[in-house]
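Report on one structure; see the data block that follows.
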Amino acid sequence: MEIVEVFSSIQGEGRYVGCRQVFVRLAGCNLACDYCDTPASRQAAMEGRVEATPGGRDFFAVANPLAADALAGYVNSLLRAPHHSVSLTGGEPLCQAEELAELAPKLAGRLYLETNGTMPDELAVVLPYIDIVSMDIKLPSTSGREWWGEHERFLRLAAGRDVFVKVVLTAATGDDEFRRALTLVAAVDRRIPVVLQPVSPVNNVAGIAPEAALRLMAAALEMVDDVRVIPQTHKMMGQL
Ligand code: SF4
């Protein structure tokens, strides 16, 4: 598998914010979002890095691609300390869906998939092994095109798991695209939790005004049952 890094840290986003996880950051992505904060993950490099002790930041280099057995060994070694789950992240981890399906049963922890929600066919390959799905809905204002059809197929598949939806809010977030995203969630199941994430300062993407976040949250609460506004807390704490 093409990896960027493996390490133990604190989940900084979404419904499981604050949980200790082993992160498996995989290389490759099918999108190029304006606010991407992991641009180095979008393409595979010759080497990745693996933490030797959980949270020790004592990384050693490994050559890409990495066999699933070897990667599982590194992850399971970090899991010798208690963790909530293993975050499969990226990049977009479903770009390596076949390889993930080989890796997943070798991992000793619960599996938490962080995904942009645009690859439903690939999700179907991996989903039998996944416990929790953190699914983004990508709005056209920041992802460059519409993904409504893919997102709806994806969420209908993921609805059989513990799933929540994340929508990043920027100054460019439009009322119409936002309402369409919430309509999509409500059409699948209005009980699915929705996390609204004000964008962190990156790539000169302008942040959402506080009053606009309140207005969008109020609109979302009219459409689905569980809406929370949570920024990226790992950046506040200086965590990876
Ligand atoms: S989906 Fe994630 S990794 Fe890919 S470009 Fe968008 S923010 Fe970056």
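On a predicted model such as this, the values are computed, not experimentally measured, just so you know. Both ligands and their constituent atoms are indexed starting at 1 by order of listing.
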Counting each atom of ligand 1 from 1 as listed, which ones have a heavy atom of [X] under 4.0 Å away?
X	result
Arg42	5 (S)
Asn116	1 (S)
Gly91	3 (S)
Thr38	3 (S)
Cys29	1 (S), 3 (S), 4 (Fe), 5 (S)

Using a 6.0 Å distance limit plus a 45 degree cone around the ring axis, check whether Arg49 lies over the aromatic ring of Phe59.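 Verdict for Phe59: a cation-pi partner in Arg49.
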Give a yes or no on whether Gln43 atom CD has more than 12 heavy-atom contacts from other residues, nucleotides or ligands under 6.0 Å away.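 No, because the 6.0 Å sphere around CD of Gln43 holds 12 heavy atoms or fewer from other groups.
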Are there more than 12 heavy atoms of other residues, nucleotides or ligands under 6.0 Å from atom CD of Glu98?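 Not buried by this count: 12 neighbours or fewer within 6.0 Å.
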Distance only, no hydrogens: is a donor on one side chain within 3.5 Å (strictly under) of an acceptor on the other, for Thr233 and Glu13? no
Short side-chain donor-acceptor distance under 3.5 Å, Glu92 and Asn116: yes
Atom 6 (Fe) of ligand 1 to Cys36: any N/O/S contact under 2.8 Å?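 No, since none of the N, O or S atoms of Cys36 sits under 2.8 Å from atom 6 (Fe) of ligand 1.
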Is any side-chain N of the basic residue among Arg145 and Glu150 closer than 4.0 Å to the acidic one's carboxylate O?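 Yes, charged N to carboxylate O under 4.0 Å.
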Backbone, side chain, both or neither: what part of Ala32 comes under 4.0 angstrom of ligand 1, heavy atoms only? backbone
Between Asp131 and Asp162, is there a side-chain heavy-atom distance shorter than 4.5 Å?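 No, too far: nothing below the 4.5 Å cut-off.
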Option set Gly144, Cys33, Gly117, criterion heavy-atom distance to atom 5 (S) of ligand 1, minimum: Cys33
With a 4.0 Å cut-off on heavy atoms, is Glu92 in contact with ligand 1?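 Not so, Glu92 does not reach ligand 1.
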Residue, atom name and distance, where the atom is the protein heavy atom closest to atom 2 (Fe) of ligand 1: Lys138 NZ, 4.2 Å
